[in-house]
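What follows is a set of notes on a single structure, which appears directly below.
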Amino acid sequence: MPELPEVETTLRGIQPKVDQQTITAVIIRNGSLRWPVDKTLPKKLAGLPVLQVSRRGKYLLLKTEAGTLLIHLGMSGNLRVLPIGTVVKKHDHVDLEFSNGYVLRLNDPRRFGSVLWHPACEGSVENHKLLSKLAPEPLSDAFNGGYFFEKTRNRKVAIKSLVMNSAVAVGAGNIYANESLFMSQIHPQTQACSLSRKQCDVLVANIKRVLEAAIKQGGTTLKDFMSPDGKPGYFVQQLNVYDQGGKPCTVCGTPIERIILNQRASYFCPKCQKLKHPPKSPKPTKLTKKTNA
DNA sequence: TTTATAACCTGAACGC
DNA sequence: TGCGTTCAGGTTATAA
């Protein structure tokens with residue numbers, strides 16, 4: 001579920017209720033997330049005010065004087081701000097209660113999300129091993145065509161894999177990688193190193209454009225994404241190729257094709273996104289199922 | 001160093 | 001209706 005626009009939507013939703021508020025309690029109902037949740041968190045966090053709520057890539061960061069809490073929503077995670085005492089539902093794994101009477105509640109059915117602690121004594125949270133190798137923020141000036149062109153040199157992997165590689169570009173998951181490649185008229189299987197500087201400029205501009213548009217719409221709700229106030233995202237109404245297999249291309253009318261690339265569903269228009277430089281391996285799996293035709 | 005793959009886990013959708 | 005199978009929006013560790 002949550003790609004960068006969904007995480008940004010979550011950040012904007014929780015910020016007014018959480019920023020500068022004092023944590024009164026931490027409740028861990030099920031600490032078996034992607035990595036075990038630190039059982040001493042309740043002791044570490046109780047009584048501390050949240051100094052800053054921010055985002056780095058798809059990680060939400062809650063800074064306190066003792067350290068920073070890193071929250072990742074994984075594939076099915078959801079953060080809600082609710083009045084303390086709200087009935088607990090299935091898959092509500094972690095609560096942070098605040099002095100203003102609200103609770104920040106993590107619900108994550110698949111438990112691919114994570115809640116991690118970075119103590120202040122270990123320096124800036126940017127040094128955390130999960131953040132230190134992340135690419136520049138996609139909406140910052142540092143993420144530009146020149147940067148991306150350099151990153152694609154000598155890389156024979158399919159460009160879609162690189163767009164989704166957090167060391168090269170952060171924020172674009174499967175949905176937005178498919179959409180930005182369609183907008184750039186680049187086949188997802190194109191060898192990264194075959195891209196020209198101009199194509200890199202166009203692709204980077206489209207990654208930014210698609211992420212900004214999705215943020216404006218409150219993210220994309222395919223199955224279960226909800227912002228902290230319980231509203232769905234509306235970007236799904238603007239998807240050109242993702243999950244549109246078999247439907248006509250919005251530009252030329254050619255049926256959208258679906259292949260499996262690096263274990264992920266990839267959608268493209270075979271006419272608008274012609275494959276000029278295919279990688280030598282592996283061959284993608286072309287599926288006839290899930291074509292929506 | 002780069003790339004591919006398995007793994008983590010649950011629930012919805014689908015086929016029989 | 002019920003059961004079994006497949007697939008899903010992310011990311012890391014490991015192997016080749």
Side-chain angles (χ1 to χ4, degrees), chain A residues 1-10 30-37 55-60 70-78 89-93 106-116 128-135 151-180 189 191-193 210-211 214 217-227 232-236 239 241-245 258-267 278-285 287-292:
Chain A
M1 166 202 44
E3 303 187 34
L4 186 137
E6 290 76 39
V7 178
E8 180 67 25
T9 300
T10 299
N30 185 351
S32 301
L33 303 183
R34 191 173 204 291
W35 293 286
V37 179
R55 177 187 60 73
R56 175 73 177 97
K58 296 174 188 170
Y59 291 89
L60 286 164
L70 292 81
I71 302 175
H72 195 289
L73 300 177
M75 285 176 89
S76 57
N78 212 315
K89 292 181 182 172
K90 197 176 179 184
H91 308 305
D92 282 342
H93 302 314
L106 174 70
N107 181 286
D108 186 3
R110 291 170 68 183
R111 289 191 275 131
F112 282 7
S114 49
V115 176
L116 299 165
H128 191 281
K129 72 168 189 174
L130 293 176
L131 304 187
S132 62
K133 288 174 185 171
L134 288 182
K151 286 288 181 182
T152 57
R153 297 308 90 187
N154 301 319
R155 301 297 289 268
K156 295 176 181 174
V157 73
I159 185 62
K160 179 162 174 271
S161 299
L162 222 53
V163 170
M164 293 176 66
N165 182 335
S166 62
V168 176
V170 296
N174 205 21
I175 297 176
Y176 303 119
N178 277 299
E179 292 298 318
S180 56
Q189 225 194 332
Q191 260 191 351
C193 59
V210 76
L211 291 177
Q217 296 289 319
T220 303
T221 298
L222 291 180
K223 288 189 177 75
D224 48 11
F225 175 71
M226 290 288 166
S227 65
Y234 293 102
F235 191 73
V236 67
L239 295 177
V241 286
Y242 182 79
D243 207 24
Q244 305 297 307
R258 177 180 188 267
I259 58 174
I260 298 294
L261 202 54
N262 296 109
Q263 303 174 305
R264 307 300 292 273
S266 302
Y267 300 86
K280 285 175 184 172
S281 65
K283 287 182 181 173
T285 309
L287 296 181
T288 51
K289 274 181 27 176
K290 287 208 76 174
T291 54
N292 293 338

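Bear in mind the structure is a predicted one, so any value in this text is a computation, not a measurement.
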Determine the Euclidean distance between corresponding [atom1] atoms of [M] and [N]; express it in Å to zero decimal places.
{"N": "C:dG9", "M": "B:dC14", "atom1": "P", "value": "15 Å"}
{"N": "C:dC7", "M": "B:dT5", "atom1": "P", "value": "16 Å"}
{"N": "C:dT6", "M": "B:dA6", "atom1": "P", "value": "15 Å"}

Work out which heavy atom in A:Ala265 is nearest to a heavy atom in A:Arg258; give both atom names and the distance.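 The pair with the smallest heavy-atom distance is CB-NH2, 3.7 Å.
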Heavy atoms only: give me the nearest A:Gly57-A:Leu4 pair and the separation to one decimal.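 Minimum heavy-atom contact is O-CD1, 3.9 Å.
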Measure from the side chain of [X], starting at C-beta and using heavy atoms only, and say which of [options] lies closest.
{"X": "A:Asn262", "options": "C:dT12, B:dA4, C:dG9", "value": "B:dA4"}
{"X": "A:Tyr59", "options": "C:dC7, C:dG9, C:dT12", "value": "C:dT12"}
{"X": "A:Glu3", "options": "B:dA4, C:dG10, C:dT12", "value": "C:dG10"}
{"X": "A:Arg111", "options": "B:dT10, C:dG10, B:dA4", "value": "B:dT10"}

Find the distance between CG (A:Leu130) and NZ (A:Lys58) and round it off to the nearest 0.5 Å.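 Atom-to-atom, A:Leu130:CG and A:Lys58:NZ are 13.5 Å apart.
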Would you say [X] reaches [N]'s phosphate, i.e. side-chain N/O to OP1/OP2 under 4.0 Å?
{"X": "A:Lys90", "N": "B:dG11", "result": "yes"}
{"X": "A:His91", "N": "B:dT10", "result": "no"}
{"X": "A:Arg110", "N": "C:dA8", "result": "no"}
{"X": "A:Gln263", "N": "B:dA6", "result": "yes"}
{"X": "A:Arg155", "N": "B:dT3", "result": "yes"}
{"X": "A:Lys58", "N": "C:dG10", "result": "yes"}
{"X": "A:Arg264", "N": "C:dG10", "result": "yes"}
{"X": "A:Tyr176", "N": "C:dG9", "result": "no"}
{"X": "A:Lys129", "N": "C:dA13", "result": "yes"}

In whole Å, I'd like the distance from the [atom1] atom of [X] to the [atom2] atom of [N].
{"X": "A:His93", "N": "B:dC9", "atom1": "NE2", "atom2": "C1'", "result": "9 Å"}
{"X": "A:Trp35", "N": "B:dA7", "atom1": "CH2", "atom2": "P", "result": "17 Å"}
{"X": "A:Arg34", "N": "B:dT10", "atom1": "CZ", "atom2": "P", "result": "15 Å"}
{"X": "A:Ile260", "N": "C:dC7", "atom1": "CD1", "atom2": "P", "result": "7 Å"}
{"X": "A:Gln191", "N": "B:dA4", "atom1": "CD", "atom2": "P", "result": "10 Å"}
{"X": "A:Arg56", "N": "C:dT11", "atom1": "CZ", "atom2": "P", "result": "12 Å"}
{"X": "A:Met164", "N": "B:dT5", "atom1": "CE", "atom2": "P", "result": "15 Å"}
{"X": "A:Glu179", "N": "C:dG9", "atom1": "CD", "atom2": "C1'", "result": "13 Å"}

Which is more 5' along DNA chain B, the nucleotide nearest A:Ser32 or the one nearest A:Ser161? Just name the residue.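 Taking each residue's closest nucleotide, the earlier one in sequence belongs to A:Ser161.
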For [X], the option from [options] that meets side chain to side chain contact (heavy atoms under 4.5 Å, CB included):
{"X": "A:Asn165", "options": "A:Lys160, A:Arg155, A:Lys151", "value": "A:Arg155"}
{"X": "A:Ile175", "options": "A:Val241, A:Asp243, A:Val210, A:Leu239", "value": "A:Leu239"}
{"X": "A:Leu60", "options": "A:Val115, A:Ile71, A:Leu70", "value": "A:Ile71"}

Checking all strands, does A:Leu130 fall into the base, sugar-phosphate, or nothing category for heavy-atom contacts under 4.0 angstrom?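 Answer is sugar-phosphate: A:Leu130 comes under 4.0 Å of backbone atoms only.
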Watson-Crick or G-U wobble partner of C:dG9, both distances under 3.5 Å: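 Checking every strand shown, C:dG9 finds no partner, since no pair has both distances under 3.5 Å.
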Please answer whether B:dC9 and A:Phe112 are stacked, defined here as ring centres separated by less than 5.5 Å and planes angled under 30°.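 One would not call A:Phe112 stacked on the B:dC9 base.
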Does A:Arg56 make a cation-pi contact with A:Tyr59, if we ask for NZ or CZ under 6.0 Å from the ring centre and within 45° of the axis?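 Judged by the rule (NZ or CZ under 6.0 Å from the ring centre, within 45° of its axis), A:Arg56 is not positioned above A:Tyr59.
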